[in-house]
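Reading through the structure tokens given below for one structure.
Counting from 1, the numbers follow the sequence of the chain as shown.
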Amino acid sequence: MAASIGAARSRALFRRSCGKRLSAAWGLLGGARGLAAQGETHLGFQTVPEAEKEQRVYQVFESVAKKYDIMNDSMSFGIHRLWKDILLHQMNPYPGTQLLDVAGGTGDIAFRFINYVRSQREYRLRQKLKSHQNLSWQEISKSYQEEALKPLGGSQVVICDINKEMVKVGKQKAQHLGYTEGLSWVVGNAEELPFDDDKFDVYTIAFGIRNVTHIDQALQEAYRVLQPGGRFLCLEFSQVNNPLISRLYDLYSFQVIPVLGEIIAGDWKSYQYLVESIRQFPTQEEFKAMIEDAGFLKVEYRNLTAGIVAIHSGFKL
């Protein structure tokens with residue numbers, strides 16, 4: 001009898017032990033499934049959980065915000081200014097255009113937009129006055145006074161950036177440069193924009209979309225907030241299409257840019273990430289296909305400086 005009781009106890013202990021092991025195994029499997037569900041993405045050449053990328057990128061731009069403009073000039077020898085000017089000429093905004101500039105915290109695109117719209121409005125005013133040769137001095141003076149009251153013709157630009165430090169730098173620049181009208185600043189995520197549907201005429205993102213965790217989601221949001229007939233414009237580093245230039249560009253990117261980052265901004269790692277993130281970004285054709293998948297039509301791209309950067313354009317039709 002005692003022997004049978006002992007055997008029963010042994011079998012119970014065995015089953016309990018197996019149960020614990022099985023539970024542990026299922027727990028490990030569940031954890032693995034959880035990691036798989038979370039997904040992984042690239043942070044430069046590193047592989048990180050998707051949940052980490054946004055915060056890590058935020059820290060990168062928080063670190064470089066104050067030296068961002070001087071580093072852009074140093075890294076590109078000032079050519080980034082020409083690239084942004086070309087973007088505005090391709091946009092060709094008219095007075096009254098409503099622009100959303102995403103990841104534009106330092107204001108480079110927004111300030112160019114305001115300058116362009118002002119110049120367009122002044123040009124139209126001069127053309128109008130030329131066509132009416134019999135206007136009196138009082139009528140001409142009145143026209144210019146009205147222009148001074150509404151220099152942008154109703155145009156507005158909303159700058160949306162996820163990084164508070166970049167927005168802070170942009171606001172300081174706007175104040176210093178005298179941009180007081182037609183600007184508003186919003187802290188927001190490109191993947192979940194805090195704006196209504198069908199709100200803007202143009203959506204721009206310059207050197208920002210490669211830092212987004214889910215590019216497809218950011219493109220869908222761009223499509224959502226644009227009005228029917230609205231235009232998507234993206235200026236981003238891309239794939240160099242000349243083998244010799246590509247080799248020289250790689251040498252400069254990996255051997256010089258991080259050194260400049262350390263000397264000027266005191267931050268090697270952030271600029272090492274920026275260089276690596278460029279190499280991880282889709283090619284011109286791949287990115288074009290992604291834009292089309294988001295619903296945009298008439299999608300095309302324009303290579304600048306042998307494809308070091310490209311402007312992608314699409315319409316919500």
Side-chain angles (χ1 to χ4, degrees), residues 61 64-65 68-73 75-76 78-121 151-153 155-190 193 195 199-212 218-219 221-222 225-226 230-238 274 287 291 301-302 304-305 308-315:
F61 284 92
V64 305
Y68 188 75
D69 288 334
I70 189 172
M71 274 300 298
N72 281 348
D73 283 333
M75 289 187 299
S76 71
I79 299 174
H80 76 99
R81 298 174 181 269
L82 176 61
W83 294 333
K84 291 166 183 172
D85 288 341
I86 293 171
L87 177 69
L88 260 296
H89 280 87
Q90 186 164 334
M91 184 196 307
N92 191 24
Y94 53 86
T97 298
Q98 305 299 304
L99 170 67
L100 173 62
D101 183 37
V102 176
T106 57
D108 276 6
I109 301 301
F111 302 154
R112 281 172 170 79
F113 172 80
I114 289 174
N115 291 342
Y116 195 96
V117 170
R118 279 177 178 166
S119 66
Q120 285 287 87
R121 190 158 168 79
L152 301 178
S155 287
Q156 292 282 332
V157 53
V158 178
I159 301 110
C160 179
D161 199 299
I162 196 171
N163 195 291
K164 294 179 181 178
E165 194 62 32
M166 294 288 279
V167 170
K168 180 181 176 182
V169 171
K171 286 182 176 179
Q172 290 171 346
K173 280 176 62 180
Q175 185 176 11
H176 176 71
L177 296 172
Y179 292 101
T180 58
E181 296 181 3
L183 279 174
S184 58
W185 306 80
V186 175
V187 175
N189 190 331
L193 293 171
F195 308 110
K199 185 175 178 62
F200 298 97
D201 300 307
V202 183
Y203 171 112
T204 53
I205 182 165
F207 304 117
I209 203 162
R210 76 180 188 281
N211 299 307
V212 173
L219 291 172
E221 280 291 274
V225 300
L226 279 171
R231 190 176 193 182
F232 168 87
L233 284 165
C234 175
L235 173 65
E236 187 54 88
F237 290 107
S238 201
L274 292 175
F287 189 46
I291 298 168
Y301 62 85
R302 176 184 180 184
L304 304 177
T305 320
I308 289 177
V309 301
I311 297 175
H312 279 77
S313 169
F315 292 87

Practice task
Apply the test side chain to side chain contact (heavy atoms under 4.5 Å, CB included) to residues His89 and Asn92: give CA-CA distance (whole Å), side-chain angles for both, the deciding distance (0.1 Å), then the verdict.
Solution key: CA-CA 5 Å; His89 280 87; Asn92 191 24; over 6 Å; no
Exercise. Phe195 and Phe200: ring-ring contact (aromatic ring centres under 6.0 Å, His included), yes or no, with the steps?
Worked result: CA-CA 9 Å; Phe195 308 110; Phe200 298 97; 5.4 Å; yes
With side chain to side chain contact (heavy atoms under 4.5 Å, CB included) as the criterion, how do His312 and Leu233 come out once you've worked through the C-alpha distance, each side chain's angles and the decisive distance to 0.1 Å?
CA-CA 6 Å; His312 279 77; Leu233 284 165; over 6 Å; no
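No side-chain donor-acceptor contact under 3.5 Å links Glu236 to the backbone of Ala310. Put simply, the side chain of Ser155 gets close to the backbone of Thr97: a donor and an acceptor are under 3.5 Å apart.
Counting heavy-atom neighbours within 6.0 Å of Leu82 CG, excluding the residue itself, gives a total above 12.
To the nearest 0.5 Å, the span separating CG on Leu100 from CG on Asp201 amounts to 11.0 Å. Rounding to the nearest 0.5 Å places CD1 of Ile79 at 10.5 Å from CG of Leu304. The distance from atom CG of Asp85 to atom NE2 of His80, rounded to the nearest 0.5 Å, is 10.0 Å. To the nearest 0.5 angstrom, Thr106 atom OG1 is 9.5 Å from Ile159 atom CD1. For the atom pair CD1 of Ile205 and SG of Cys234, the computed distance is 6.0 Å after rounding to the nearest 0.5 Å. Rounding to the nearest 0.5 Å places CD of Gln175 at 10.0 Å from OG1 of Thr180.
Heavy atoms only, all atoms of each residue included: Phe111 and Gly170 are closest at CZ-O, 3.9 Å. For the pair Asp161 and Gly104, the tightest heavy-atom approach, listed with the atom from each and the gap, is OD2-N, 3.5 Å. Residue Leu88 comes nearest to Pro93 through the heavy atom pair O-CD, 3.6 Å, listed as atom of the first residue, atom of the second, then distance. Between Val158 and Ser184, the shortest heavy-atom contact is CG2-OG, 3.3 Å. Closest approach of Phe232 and Ala222 over heavy atoms only: CD1-CB, 3.9 Å. The minimum heavy-atom distance linking Ala218 with Tyr203 is given by the pair O-OH, 4.3 Å.
Using a 4.5 Å heavy-atom cutoff, the side chains of Ile308 and Phe237 are in contact. No side-chain heavy atom of Gln156 sits less than 4.5 Å from a side-chain heavy atom of Val117. Side-chain contact check for Ile209 versus Leu219: some heavy-atom pair is nearer than 4.5 Å. Residues Asp73 and Arg81 meet the side-chain proximity criterion, which asks for heavy atoms closer than 4.5 Å. In this structure, Met91 and Phe113 have side chains that are in contact, with non-hydrogen atoms separated by less than 4.5 Å.
For Asp108, the salt bridge (Lys or Arg N to Asp or Glu O under 4.0 Å) partners two or more places apart in sequence, or in a different chain, are Lys84, Lys173. Residues satisfying the salt bridge (Lys or Arg N to Asp or Glu O under 4.0 Å) test with Arg302, not counting sequence neighbours, are none.
A donor and an acceptor atom, one from each side chain of Tyr179 and Asn115, are located under 3.5 Å apart.
Ring-plane geometry between Phe207 and Trp83 is classed as tilted, the angle between the planes lying from 30 to 60 degrees on a 0 to 90 degree scale.
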